[in-house]
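Naming convention: chains lettered A, B, ... in sequence-line order (proteins, then strands); numbering from 1 in each chain.
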Amino acid sequence: MVKVEINGQVIEAKEGDMLIDVADSAQISIPRFCYHKKLSIAANCRMCLVDVEGAWKPLPACATPVTDGMKVHTNSPKAIAAQKSVMEFLLINHPLDCPICDQGGECELQDVAMDYGDDVSRYSESKRVVGDKYAGPLIQTDMTRCIHCTRCVRFGQEIAGMMELGATGRSEWMEIGTYIEKSIDSEMSGNMIDLCPVGALTSKPFRYSVRAWELKSHKGIAAHDSIGSNIILHSKNNEVKRVVPNENEAINEVWLSDRDRFSYEGINSEERLTQPMIKKNGQWKTVDWETALQFSVEGLKNVLADSTDVGVLASANSTVEELYLLQKMARGLGVENIDYRHRQIDFGMDQHGFHTPLLQDSIEVVEKLNAVLLVGSYLRKELPILNLRVRKAAMAGAKVFTVNTESFDFNYKVSNAQSDAGMVFELAGVAKAVADIKGAKHELVADITANDAQKVIAQALIDAKAASVFVGQISQLHPDYAVIKRLADLIAELSDAKLSILPIAANEVGAHLAGFLPKNGKNSAQMAQGMDAFINLNIEPEADFADGDNALAAMKAAKFVVNMTAFDSEIQREYADVLLPVATFAETAGTFVNANGLKQSFKMAVEPKGEAKAAWKILRVLGNLFNLNGFDYVHSNEVLQEVFDADTSAVKFSEIAIALPTTNNDAKVKLVSPYQMDAVVRRAPSLQATPDANVETMGRG
Amino acid sequence: MVYQNENCFRLNHLENSWDIETYVANGGYEVWKKVVSGELEPADIIEEVKESNIRGRGGAGFPTGLKWSFMNREAPGQKYIVCNSDEGEPGTFKDRDIHRYNPHALVEGMAIAGYVIGASQGYNYIRGEFWEPYQVFKNAINQAREAGFLGKDILGSGWDFDLHVHLGAGAYICGEETALIESIEGKKGQPRFKPPFPASYGLYGKPTTINNTETLASIPMILAKGGKWFNDLGVKNAGGTKLYSVSGHVNNPGNFEVRMGTPFKDLLELAGGIWKGRQLKAVIPGGASTAVLPAEKALEMNMDYDSIAKAGSFLGAGSVIIMDDQTDMVKAMKNLSHFYWDESCGQCTPCREGTGWLYRMLTRIVDGKGRPEDIAALKDVSGKIMGNVICGLGDAATIALTSAVEHFEHEFVHYIEHGCSIYDRT
C-alpha cells in the first residue's frame with residue numbers, strides 16, 4: 001500500500017492503481033469520457049488531466065499509476081485549465097443539437113460541460129459533419145456527435161469479442177464505423193448505447209419517444225434467460241419505454257443482453273390482449289372478469305367431471321408465484337399433468353426423479369475456470385451473460401471445448417469435437433478418454449474408442465485446476481438428452497469437474513421449486529398427444545413446443561382450453577375457449593430464481609395493459625372459485641413463503657443404467673432462435689429484425 | 001574549413017556506394033565480424049557508444065548508449081531492434097540518402113544494435129513514399145544475407161539475426177515510435193500511451209529498442225574508430241557528425257554531413273547561400289516541429305543542441321528550412337498548420353480538434369478575414385494543445401506557430417488590419 005495525497009486528502013491505495021480509481025474510491029470526482037472501469041485504458045479523451053506535483057505537464061488520471069508520496073491536485077489552476085482546454089476542444093465540433101438529441105439529459109458531455117465548459121463558444125469556423133451509418137435495427141448512429149472516446153470500439157474488442165466498430169481515418173476525419181456498412185450483430189450490442197457518453201449511439205427502438213428526465217425508474221429482473229440480469233425499467237405514462245442494466249457485479253456486471261434490453265417492445269405490442277374474452281357458440285366476445293372466470297371454472301368443471309386428463313402448461317419465463325399457484329390449483333383439482341419443458345423431446349430421466357437444472361459455479365467464478373466443456377450449447381446466444389464470463393476465462397487462458405451438433409461461431413477460441421458420428425458419440429469418446437486416462441472402466445463407453453481430439457479434451461479437463469461441464473440448450477432439445485446428461489456426468493465425475501445442467505429460461509429453477517413438473521402425470525410431449533382440456537399460462541403451443549403442429553392439434557382437439565395470455569392471436573382464437581389477459585414481467589410483482597438458485601423478487605413497474613391482471617391474482621381467484629383451500633393470499637410474498645420451503649432436487653445420474661443410442665440423432669434437433677424463445681420477445685419487432693431472430697442466419701461459423 | 005562526409009556519407013563520392021563490394025572494400029562489416037566473433041562484448045559496445053556521446057538523430061536527442069542500456073540482453077524471450085526510417089517531418093530528407101548511398105552501414109548498425117540488446121530480429125520501417133530507398137535497402141539486406149552477414153549462425157558464431165523491411169503507408173504519425181510499432185503490427189498507426197515504454201513493452205509486446213536511421217548507420221564507424229574519435233569530432237553535449245537537410249530559399253539545397261557545432265553560417269554557405277541575392281529572414285533549424293528563429297539569432301548560432309537551444313529553438317532532426325526576406329510568415333504558418341491538421345492521428349482530443357482550429361484561423365487570416373482577437377486565440381489554442389496530448393505531434397503543431405507569432409507578430413497584425421500580407425502591394 002502507498003499513500004497518495006489528492007487535494008490535500010491522504011488516501012491509501014495499492015501501488016500501481018490508476019489515479020482515477022483511487023480518486024473515485026475517495027469520492028473525489030475527476031471528469032472523464034474515454035475511461036470506463038470495464039474497458040482497457042485509452043487515455044485519448046484527455047478530460048481527466050490532473051496536476052501531479054513534479055510533472056511539468058498535466059497527466060491523465062486514468063493512465064497514471066499512483067506511487068508513494070504522490071501529490072495530486074484535481075482542481076488546481078493547472079488542472080482546471082487543462083480540463084477546460086479539453087472541454088473546449090470537445091465542444092468546438094460537437095453539434096448543438098441537444099434539444100433533438102435522445103442523449104439530452106443523460107449525456108456525459110452535457111454534464112461535464114456544465115462544470116468545465118463556457119456558455120458561449122468562441123469557435124467560429126465551420127463545424128465537422130459526419131454521415132450517419134446504418135448499424136442495424138437496434139442502434140441509431142448520429143456520428144457527428146461522436147467525441148471519439150472509442151468506448152464502443154473497445155467494448156467490441158474486449159467484451160463482446162466481435163470488433164464490429166472501429167476507427168477509420170485520422171485527424172478530424174477519424175470516424176467510428178463498421179468500415180463496410182453493415183448491421184451490428186453482437187448479441188450484446190445494446191451495451192454500446194449505454195457506453196456511448198454522447199448521443200452518437202442511441203437506442204433505435206427508443207428514439208424520439210420520450211426525454212430521459214420524464215422517465216420513472218423501476219428495478220426489475222430480466223425475464224428471458226436464467227442468469228437473472230438486474231435491470232432498470234424506464235417508464236412514462238404507465239408504459240415501459242426502455243430497459244437498461246442495473247449494475248450487479250455478481251451477475252451481469254454492467255451489461256445486458258440485447259434480448260433482455262429490447263424485449264420490452266413486446267410488452268407494448270399491438271397484439272396485447274387487454275380484455276377477457278370468451279368463445280360462445282363459436283363467437284368471441286369481450287366480457288368482464290367475473291364472467292370470464294366463471295366461464296372458465298364451469299368449462300373446466302364440465303371436463304373434470306369425468307376426466308382428470310387436463311393439461312397444465314406454462315412458460316418457464318413465468319414467475320415462481322404464478323407457477324406455484326397454477327400447479328397448486330391443478331393438483332387441488334386432481335390434475336397432475338403439469339409441465340414447462342415443451343421443447344424437450346427426451347424425458348427418459350423423469351422416471352428417476354426431477355433434476356433441478358443449476359449452474360454449479362457461481363456466475364462470478366465462471367470467469368476463473370481453467371477448462372470448460374460445453375455440451376450441446378451455443379452458449380453465446382443461449383445465455384449471453386454467462387458466455388461473457390466464459391469468454392473472460394478463455395481470454396485468461398482457459399481451454400474451452402464444445403461437443404455440439406454443428407459448429408457455431410463463438411467469440412473466443414473453442415475447440416469443437418465434431419464428426420459424422422454425432423454429438424452423443426463424440427461425448428462418449430470424451431468420456432472414454434477420461435476413463436482411459438484415469439484407468440477407470442465404464443460399461444456405458446466400453447465399446448467406444450477415443451480419438452485424439454477427444455483425448456485432448458479429456459486431458460485438459462483432468463489437468464485443469466477448476467473445470468466445468470456445461471450442458472446447454474441444444475442438449476435439452478436433443479432426442480438423446482438423458483444419455484447426454486449421463487455421459488456429461490460421467491466425464492465430470494471422472495475428471496473431477498463440476499457438472500452444470502444449465503437452466504435456460506428465466507425461471508426453470510423456479511419452476512422446479514414450485515413443483516411445476518409432472519410428478520405423477522403426463523409430460524409436455526405426452527400432453528401434446530391430446531388432452532381433454534388445457535390450462536395454459538404464457539404459452540403459444542405452435543412456437544413453444546418441440547413439435548408445434550402436434551401441440552396445436554392437441555389444443556384444437558381439446559374440449560376446453562383456458563389461455564392465460566398477454567397476447568391475442570388468431571391461432572388462439574381457433575382453439576381456445578377463454579382468453580384471460582395477463583400481466584407481463586414488467587406488470588406484475590414476482591420472483592425469478594436464477595441459474596445459481598438465487599431468488600430475485602421484483603415489483604410491478606407499470607400497470608398491466610387494459611384490464612390485464614397479474615396471473616398470480618387470477619389464479620388466486622380461480623382457486624377460490626374452485627373452492628380450493630389455501631388460495632386466500634393478499635400479497636405475492638405469501639405465495640413465495642410457501643414455495644421456498646421447497647428445495648432443489650438432484651438426480652444421481654451415475655446410478656442410472658442407460659445405453660447409448662444406435663444412431664446419430666443430431667439432425668432431429670430443432671434449434672431455436674434466442675428471439676423466438678417466448679411470446680414477449682417474439683413480439684419485439686426490433687429484435688425480430690436482427691439476424692439472430694432466425695436460426696438460419698443466427699451467427700454460425 | 002568545414003569537414004564533410006566523415007561518417008554516414010563517407011562513401012557517397014564512390015560509384016555504386018550502395019553496393020556491398022564498395023562497403024566491404026572500405027572496411028564495412030569488419031566491426032560486425034568482431035562482434036559476432038565475441039571480440040567485442042555487448043557491454044564494451046555500450047561503453048563505446050556512450051563515450052561517443054551520440055544522441056538520437058531522429059529529433060529527440062536521447063543518448064543512444066543510455067537507451068541501449070535499458071535493455072536486458074540476457075532476459076529470456078524475443079526482443080526486437082527497430083529502425084525508424086519513417087522520415088516524414090517537413091524539411092527532413094537525410095535518412096533517405098543513407099538508404100540510397102550507404103545502406104550497408106545501416107544494415108551493419110542494426111545488426112550490431114540487435115546483438116547488443118539481444119534481438120535476433122530487426123525491422124526497418126521506411127516511409128511509404130521512399131520507394132527507391134526501400135528497393136536499395138532490400139537489395140542491401142539480400143546482399144548481406146548472401147555474404148553471410150545476416151541469417152542463421154552468422155559467420156559460424158551461433159548468433160542469428162535477420163532484418164525485415166516494412167514500408168509505411170504515408171502517415172506522418174507513424175514516425176512516432178509507438179505508432180510505428182502499431183503500424184508494423186498491422187494496426188492503425190496511433191501512438192500508445194506511455195508508460196510502458198517500448199523497452200519493456202514494444203513490438204508485439206516484446207522489449208524493443210527503436211533508433212533513428214542516422215543513429216544506427218553511425219554505429220559501425222563509432223566502433224571502428226572509437227567512441228572518443230566520434231565524440232571529438234563534435235562539441236560538448238553533442239558528439240560526432242550530423243546530417244543536415246538544408247531546404248528552402250538557398251541556391252544549393254541538399255544534405256550535408258558536417259561536424260556537430262559547425263556554425264550555421266558555414267552550413268548556409270555550403271548550401272550556396274540565399275537564392276536570388278536576397279537576405280535571410282528566418283530559419284527553422286530542426287524541422288517543422290521546431291521553433292522559427294529570426295535571421296539575427298540564426299546567424300549567431302552553431303549547429304549543435306546547446307547552441308540552437310540557446311538561440312531559442314531545437315536541433316531536432318537537423319532539417320534546416322531557410323526562409324528569405326520575401327517569405328510571408330503567415331502563409332508559411334498556414335502551410336505548416338495544414339500539415340499537422342492533416343497528419344494528426346485523431347486519437348486524442350486536443351490535437352484532433354485543435355490542429356484544425358489553428359489551420360482554419362490561419363486560413364481565415366490569410367483570406368483577409370482575420371479578427372483582432374485571432375492572435376490571442378492562436379496563442380491560446382496552441383497553449384491548450386501543448387502538454388495535453390498523448391504524443392509529440394500535438395505539441396509540435398504549436399511550436400513553430402507560437403514562435404512565429406512571437407517573432408513576427410506584426411505580419412499577423414498586418415493581415416488582420418489590412419486583409420493582406422505585408423508583401424502585397426495594394
Side-chain angles (χ1 to χ4, degrees), chain A residues 16 18 33-34 40-51 55-60 62-65 78-79 81-94 121-128 146-150 153 157 163 166-176 179, chain B residues 169-174 179 187-196 338-365 367 369-371 373-374 376-377 380-395 397:
Chain A
M18 292 303 164
F33 295 111
C34 68
S40 66
I41 291 162
N44 61 32
C45 79
R46 318 304 285 174
M47 194 63 222
C48 68
L49 290 173
V50 293
D51 178 5
W56 74 269
K57 55 183 186 178
L59 299 178
C62 69
T64 303
K78 183 171 158 187
Q83 292 156 3
K84 286 192 155 190
S85 301
V86 173
M87 192 72 235
E88 183 173 19
F89 285 133
L90 283 171
L91 290 178
I92 62 171
N93 275 311
H94 191 79
S121 173
R122 60 188 175 129
Y123 180 77
S124 59
E125 323 303 329
S126 57
K127 282 197 173 212
R128 173 177 59 230
C146 175
I147 59 168
H148 310 89
C149 70
T150 68
V153 177
Q157 284 174 307
M163 194 179 167
T168 53
R170 63 183 189 222
S171 189
E172 275 180 27
W173 306 277
M174 171 173 162
E175 285 185 23
I176 303 294
Y179 189 50
Chain B
Y172 170 62
I173 191 59
C174 291
K187 301 174 189 157
K188 185 168 186 257
Q190 282 186 172
R192 293 176 181 172
F193 185 80
K194 289 165 276 184
H338 181 278
F339 173 79
Y340 289 105
W341 173 48
D342 190 36
E343 294 291 353
S344 166
C345 82
Q347 182 182 199
C348 72
T349 307
C351 179
R352 179 183 64 241
E353 308 293 341
T355 51
W357 192 355
L358 290 175
Y359 170 69
R360 290 194 174 92
M361 276 195 280
L362 286 161
T363 304
R364 197 160 39 72
I365 293 169
D367 289 347
K369 294 171 192 155
R371 295 189 288 259
E373 64 267 27
D374 284 344
D380 183 60
V381 172
S382 298
K384 285 179 167 177
I385 299 172
M386 186 77 189
N388 291 341
V389 283
I390 291 178
C391 78
L393 193 151
D395 293 344

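In terms of non-hydrogen atom pairs under 4.5 Å with chain B, the most contact-rich of Lys84(A), Met47(A), Glu172(A), Lys57(A) is Glu172(A). Counting heavy-atom pairs under 4.5 Å between each of Met361(B), Gln190(B), Arg192(B), Arg364(B) and chain A puts Arg364(B) at the top. Looking only at heavy-atom pairs under 4.5 Å with chain B, the residue among Ala42(A), Cys149(A), Gly166(A), Ser126(A) that has the most is Ser126(A). The residue among Asp380(B), Thr355(B), Val381(B) with the most heavy atom pairs within less than 4.5 Å of chain A is Asp380(B). Options Cys351(B), Cys348(B), Gly189(B) differ in how many heavy-atom pairs under 4.5 Å they form with chain A, and the most are formed by Cys348(B). Between chain A and the options Gly354(B), Pro195(B), Ala377(B), Ser344(B), the largest number of non-hydrogen pairs under 4.5 Å is found for Ser344(B). Counting heavy-atom pairs closer than 4.5 Å to chain B, the top-ranked of the candidates Ile92(A), Val86(A), Leu49(A) is Ile92(A).
Neither the backbone nor the side chain of Ile41(A) has a heavy atom closer than 4.5 Å to any heavy atom of chain B. Residue contact with chain A, scored on non-hydrogen atoms closer than 4.5 Å, involves the backbone and the side chain of Glu343(B) alike. Using a 4.5 Å cut-off between heavy atoms, Leu90(A) contacts chain B through both its backbone and its side chain. If you measure heavy-atom distances from Arg128(A) to chain B, the contacts under 4.5 Å come from the side chain alone. Neither the backbone nor the side chain of Thr150(A) comes within less than 4.5 Å of any heavy atom in chain B. Using a 4.5 Å cut-off between heavy atoms, Ile385(B) touches chain A through backbone and side chain atoms alike.
The backbone N or O of Gly346(B) sits less than 3.5 Å from a side-chain atom of Arg352(B), completing a donor-acceptor pair. At least one donor-acceptor pair closer than 3.5 Å links the side chain of Ser171(A) to the backbone N or O of Trp341(B). Put simply, the side chain of Glu175(A) never gets that close to the backbone of Gly169(A): no donor and acceptor are under 3.5 Å apart. Side-chain atoms of Asp395(B) never come within 3.5 Å of backbone atoms of Gly392(B) as a donor-acceptor pair (strictly under, hydrogens ignored).
Distance check, rounded to the nearest 0.5 Å: CH2 of Trp357(B) to CG of Asn93(A) gives 10.0 Å.
The shortest non-hydrogen separation linking Phe193(B) to Ala43(A) is CD1-CB, 3.7 Å. The shortest heavy-atom contact between Gly16(A) and Pro65(A) is O-CB, 3.7 Å.
Residues Glu353(B) and Arg46(A) are not paired through a salt bridge, judged by the lack of any N-O separation under 4.0 Å between the basic side chain and the carboxylate.
Classification of the His338(B)-Tyr359(B) ring pair by plane angle, with boundaries at 30° and 60°, yields perpendicular.
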